[in-house]
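Everything on this sheet refers to the single structure shown next.
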Amino acid sequence: TEIYTLSLHDALPIWLVPVMANGERAFAVYQREPAGAYHPHALLALTVTATGIARIVAFQDRELFGTFGLPAEIVEPFAASGRPPAGLPK
């Protein structure tokens, strides 16, 4: 599984995990909590056309992460281990 790390601010890093939602490309967004673990934040469903991303729909129901086989928490820091966190879909 590829993991994309995006830091909007040093104090608020997020992880984007690619998934498929209803046959469309999507990302599961994990946000780091103050204690250091990452928790589900949102699912972003993209509509991609020949000219690029036409639409992004955000689902902020954290219960949806289980539907995609995603963990409810990621504790292991990706950057420190050099490999994806355990529990993510292959």
Side-chain angles (χ1 to χ4, degrees):
T1 298
E2 291 184 54
I3 305 220
Y4 302 89
T5 303
L6 172 68
S7 180
L8 301 175
H9 183 277
D10 288 340
L12 182 66
I14 61 174
W15 282 356
L16 302 178
V17 179
V19 296
M20 296 294 287
N22 293 327
E24 298 285 339
R25 295 176 188 155
F27 288 97
V29 181
Y30 283 86
Q31 182 175 353
R32 189 175 71 194
E33 300 294 333
Y38 288 79
H39 291 101
H41 179 68
L43 286 166
L44 304 178
L46 286 66
T47 301
V48 181
T49 66
T51 59
I53 298 172
R55 181 167 76 174
I56 300 174
V57 178
F59 297 92
Q60 292 188 303
D61 180 355
R62 296 174 183 186
E63 300 298 319
L64 290 174
F65 278 61
T67 304
F68 292 89
L70 296 165
E73 180 180 67
I74 299 174
V75 179
E76 177 185 328
F78 178 68
S81 70
R83 56 186 162 75
L88 293 177
K90 303 289 183 222

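We use all heavy atoms of the structure for the numbers below, so side chains are in, but hydrogens, waters and symmetry mates are not.
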Show me the side-chain donor-acceptor pairs of residues 53-71 shorter than 3.5 Å, one per line, residues at least two apart or across chains.
residue: D61; atom: OD1; partner: E63; partner atom: N; Å: 3.0
residue: R62; atom: NE; partner: P40; partner atom: O; Å: 3.2

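- Rounded to the nearest 0.5 angstrom, H41 NE2 and Y30 OH are separated by 13.0 Å.
- Residue A72 comes nearest to H39 through the heavy atom pair O-CD2, 3.6 Å, listed as atom of the first residue, atom of the second, then distance.
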Donor-acceptor contacts under 3.5 Å from residues 42-51 side chains, at least two apart:
residue: T49; atom: OG1; partner: T51; partner atom: N; Å: 3.4
residue: T49; atom: OG1; partner: T51; partner atom: OG1; Å: 3.1
residue: T49; atom: OG1; partner: G52; partner atom: O; Å: 3.1

